[in-house]
Amino acid sequence: MDAILRDLTEAQRSAVTHIHGPQLILAGPGSGKTRVVTHRIAFMLAQGIPAWNITALTFTNKAADEMRKRIDRLAPGQPVWMGTFHRFCAQLLRRHASLVGLKENYSILDTSDSKQILKRAIEVAKVSTSHTSPEKIGATISRFKNRLALPETLEGQSLGANEHVASRVYAAYQQQLLIANAVDFDDLLLHAACMLRDNPDLRADLDLKHRYIMVDEYQDTNLAQYAIVRSLSIDNPNLSVTGDPDQSIYGWRGADISNILGFEKDYSDVQIVRLEENYRSTPEILHVADTLIRNNSRRKDKHLFTNNPSGPPVTLRMYLDGYQEADDIAAQVAMNVGRGEIRPGDVAIFCRMNSLTRVFEHAFNAHAIPYQIVNGTEFYQRKEVKDVLAYLHLLNNPGNDVAFARVINVPTRGIGAKTLKDLTAHADRYRMPLLEAAREVHAIKSLSARYQKKVTDFVEMYDELAAHAMLPVPDLLGLLLDMTKYREYLQTMADDEADNDRVANVDELVSAATDYDDRHQDEASLEGFLEQVALVSDSDAWDDAGDRVSIMTLHAAKGLEFPHVYVIAVEARLLPHERSMNSDAELEEERRLLFVGITRAERYLQLSYTRQRMFRGSHSPMAPSSFLVELPRDTMNLVNTPDLVDQCYGGGDDYNQDMGYPDSWDIEDESLATEKLGLDDEICQLPDEQPGGDGIGVVKERPTLGIVGIKTAAEMLQRRDSGSLPGETFRAGSRVSHPKYGEGQILTISGRADKRTAKVRFDIGHIQSFILKFAPLEMAKS
DNA sequence: CCCCTGTTATTTTTT
DNA sequence: ATAACAGGGG
């Protein structure tokens, strides 16, 4: 107990010890929020509250893991449920699927999968899409769902034209989803909320079970999430939420800032705790953040302060273009690392869009600095990965039509658009899944015997696979890669470098499955694996163990902190983004986004913008962000910012290159080269390659997945330890050499641990399998 | 039916 | 830049 309450401030202790009744913790950035939350859980456990009565809802899996780790230190081995809203709902639905018309093996569709269903729904609903697009309709439906509006409840409401169209598609869309026994991301929340609303007994049971609920990042909850939390804290209103209105950055996803602003009105006798002291940043950084956020009108006023020692001023810097920006930052990092001031893992780079991260791959490779691009979902969006996952989805849920349509002709089986169309027509007519329709293909007269046969063959192969669906996921994967000949398919398709990665990605997926299997032991299941994969989030990919520079979007940066932070591309049309210039509310959200970025920094912060940037394949001129003039520039270190005077902030269109830049922008002599980061007086060495010169942009090779660049899937799904497998450097596609047979290429890898086996085709034509543990195989040099 | 090629739209942010 | 899509030859 002493360990739990010791070292807490008055305010923190008050938050930790208030366990009965509602509580709102307004926690500014870096105010020790995670600490309060974890200590509070430990305190509750110490008070004798059973772990299974405590539920902590976090925003990312990563945050849940972090919390679990910390609680384990204070109170080892207690099964407190921690996870994201989506996972919480997914598990709730798994148990009570029939209440919302699903079966327990339902599939969770990602955005692109649900778009397929949506397109089909648009056809079924027979609406005209001349003035709208599937994306728009999808966005509107998503908004309906986040506001808990069902197709029925929308009827008779006065809707705009677009909303009217969307509401008709909505009904068809939900029906298609139900037939497919599938849900989209929004449905996880929506179904859970509806289930709780419509089943009072169940609600009461769950309210009792989840007697103590904590919600993190409460400012980012939407109405559906609000309703779920609300209905689980009626009889037992022991709800403690933490959040910061100034860090609300998910309004576009339906997050409703009034959930937190109005918390006191929703619950009676709310204890409000304000955590305003910042333990993270220097006063210089905090001052910049505070000055910026004061330009927002819709907020709870708060007084941020810190007792931390002073540090270097915040730097604001202009670059000529994105290449120079990336290269200079990489050079700065290399220099600081070289001097032993920092480690690569101390540095983070934040940007508004994922596409802005690309140039940094080249830059960091050129300076030999290890880095990670934190983009967790990217791996699972790849074609080959989605293909293989689709087979698994279909095995888990035979109703999953998106999966069926995806795999029916992959690898090519001579089943094309026409056949699929006829199958779909039959399926729609009898309201059955495509796989069922395929079983009745003989009844589809529009298909000749020849194509009926092809379909039947597929169904037979499926059934054979399905007979083994209970195998451990990695084994099932191996079997399906064999039976479908998917790996060979990739290999025969491989005609350039990029295609080699594909085979590696499939192998990567197998290791992800192996990893899942190892970690979940008895509870491992196909649907568990698929659920886990479906709910990975971008920030889950962030790995603090690797000691690498982290590059990520501002959204993914939430909740993290780094000694050195670079926020790049603080430019008009990007930040604030041009698509959020319609309303003050959206503009303020953009400002909060920058605020989040700034407040991640502990000691050193640089904001930068460029004059010109590669955009959608062509160069376009850039202007500084309007947010920059809101900063306290008199206290900052301005480097090469001749254009940053208080005029010239049009939308960016009226900006052009004649606008009074110094003609001779000589990098060697300018302060770019002498900037000193407040660390010492040494002169920063410029990189060899000058921006725009030959050295940059010619680096063709991307880092291979899993080496330096993108985090691998296995790593991503990994929570704890994982012993390395013998021969794990061998992959399908690897070039290997053998003392007797010479060089060759690995065709397939199979088996686990000591039995890991490689099948190799040697250049002399000979094919042979080896158990890697014993074989005299080496990676080929070249 | 498959595959190749040229055209078009598309991009904010994410579970 | 890139992916999704359409249309035509094989």
Side-chain angles (χ1 to χ4, degrees), chain A residues 57-63 83-90 108-116 119 133-136 139 142 145-146 183-190 217 220-222 224-225 248-255 350-359 374-378 380-383 408-421 447-448 450-451 454 493 495 498 531-541 552-558 569 573-582 586 589-590 592-594 596-597 614-619 697:
Chain A
L57 294 163
T58 59
F59 206 70
T60 62
N61 299 302
K62 188 81 198 173
T84 64
F85 262 103
H86 285 85
R87 201 175 290 282
F88 180 79
C89 294
I108 301 168
L109 305 185
D110 69 16
T111 316
S112 66
D113 289 343
S114 43
K115 198 167 136 194
Q116 298 306 117
K119 283 183 185 162
S133 64
E135 288 76 21
K136 283 220 178 89
S142 176
K145 290 184 173 183
N146 288 328
V183 301
D184 63 20
F185 288 130
D186 298 323
D187 279 339
L188 288 170
L189 307 175
L190 178 69
E217 309 285 4
D220 284 319
T221 52
N222 60 33
Q225 291 166 319
S248 165
I249 53 174
Y250 284 95
W252 52 274
R253 203 167 87 180
F350 302 145
C351 54
R352 180 66 233 266
M353 290 188 300
N354 277 309
S355 58
L356 295 169
T357 63
R358 289 287 159 234
V359 274
V374 180
N375 187 350
T377 48
E378 190 183 277
Y380 294 101
Q381 304 293 347
R382 293 177 190 245
K383 247 191 301 281
I408 181 71
N409 199 33
V410 177
T412 324
R413 304 188 173 87
I415 301 174
K418 166 74 165 45
T419 310
L420 186 57
K421 196 167 149 261
L447 285 175
S448 67
R450 179 173 169 214
Y451 292 109
K454 290 176 195 264
M493 296 256 300
D495 51 333
E531 176 186 303
Q532 173 131 296
V533 166
L535 298 180
V536 243
S537 68
D538 271 0
S539 26
D540 293 338
M552 66 187 94
T553 63
L554 287 159
H555 284 88
K558 189 163 73 155
R573 293 153 72 206
L574 281 175
L575 183 63
H577 196 274
E578 58 185 337
R579 303 260 287 237
S580 12
M581 302 286 271
N582 314 315
E586 285 173 280
E589 180 155 313
E590 296 289 306
R592 290 193 293 268
L593 204 45
L594 182 55
V596 167
M614 193 69 144
F615 203 62
R616 281 222 271 263
S618 63
H619 296 276

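To find a chain, count down the sequence lines: A is the first, B the second, and so on, and within it residues start at 1. Given the structure is predicted, the values throughout are model-derived calculations rather than measurements.
- Taking atom CD of A:E378 as the reference point, atom P of B:dT11 lies 17 Å away to the nearest angstrom.
- Looking at heavy-atom distances under 4.0 Å, A:F85 makes no contact with the nucleic acid at all.
- Rounded to an integer number of Å, the gap from A:H619 NE2 to C:dA1 C1' is 12 Å.
- Only the P atoms considered, B:dT13 is 16 Å distant from C:dA4, to the nearest whole Å.
- Figure legend: cation-pi geometry between A:K558 and A:F59, with NZ or CZ positioned under 6.0 Å from the six-membered ring centre and within 45° of its axis.
- With distances taken from any side-chain atom of A:S537 to the nucleotides B:dT15, B:dC3, B:dT11, the minimum falls on B:dT15.
- Closest to the side chain of A:R253, from the set B:dT15, B:dC3, B:dT11, is B:dT15.
- Rounding to whole angstrom units, NZ of residue A:K383 and P of C:dC5 are separated by 11 Å.
- The distance from atom CD of A:E589 to atom P of B:dT13 is 14 Å, rounded to the nearest whole Å.
- Taking every side-chain heavy atom of A:T553 into account, B:dT13 is the closest of B:dT10, B:dT13, B:dT15.
- Using C1' as the reference atom, C:dA6 and B:dT11 are 22 Å apart when rounded to the nearest Å.
- Among the nucleotides B:dT13, B:dC2, B:dC1, the one closest to any side-chain atom of A:N409 is B:dC2.
- Ring-to-base geometry places A:W252 in a stacked arrangement with B:dT13 (centre distance under 5.5 Å, plane angle under 30°).
- Closest heavy-atom contact between A:K145 and A:D184: NZ-OD2, 2.7 Å.
- Within the nucleic acid shown, A:L188 has no heavy atom closer than 4.0 Å to any nucleic acid atom.
- To the nearest angstrom, C1' of B:dT13 lies 16 Å from CE of A:M581.
- The existence of a salt bridge linking A:R253 and A:D220 is excluded, since no basic side-chain nitrogen approaches an acidic carboxylate oxygen closer than 4.0 Å.
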* To do: Run the numbers on A:L189 and A:H86 for side chain to side chain contact (heavy atoms under 4.5 Å, CB included), then give the verdict.
  => CA-CA 7 Å; A:L189 307 175; A:H86 285 85; 3.9 Å; yes

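- One can place CZ of A:F615 at 14 Å from C1' of B:dA9, the figure rounded to the nearest angstrom.
- For A:H86, whose side chain is taken as the heavy atoms from C-beta onward, the closest listed nucleotide among B:dT11, B:dT14, B:dT15 is B:dT15.
- The separation between A:E135 atom CD and B:dT14 atom C1' is 16 Å, rounded to whole Å.
- Residue A:T111 is in base contact, counting any heavy-atom pair closer than 4.0 Å across all strands shown.
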* For A:D186 and A:S142, what are the C-alpha separation, side-chain angles and deciding distance, and is it a side chain to side chain donor-acceptor pair (under 3.5 Å)? -> CA-CA 7 Å; A:D186 298 323; A:S142 176; 2.8 Å; yes

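- Taking the charged nitrogens against the carboxylate oxygens, A:K115 and A:E135 do have a contact shorter than 4.0 Å, which makes a salt bridge.
- Each of A:F59 and A:L420 was assigned the nucleotide of DNA chain B with the nearest heavy atom; the assignment lying further toward the 5' end belongs to A:L420.
- Using a 4.0 Å heavy-atom criterion, one finds that A:T419 contacts the sugar-phosphate atoms exclusively.
- Of the candidates B:dC2, B:dT13, B:dT11, B:dT13 carries the atom nearest the A:N354 side chain, counting heavy atoms from C-beta on.
- Across all strands shown, A:Y451 has heavy atoms under 4.0 Å from sugar-phosphate atoms exclusively, and none from any base.
- Side-chain proximity of A:K119 to B:dT15, B:dC2, C:dC5: nearest is C:dC5.
- Out of B:dT11, B:dC1, C:dA1, the shortest distance to the side chain of A:M614 is found at C:dA1.
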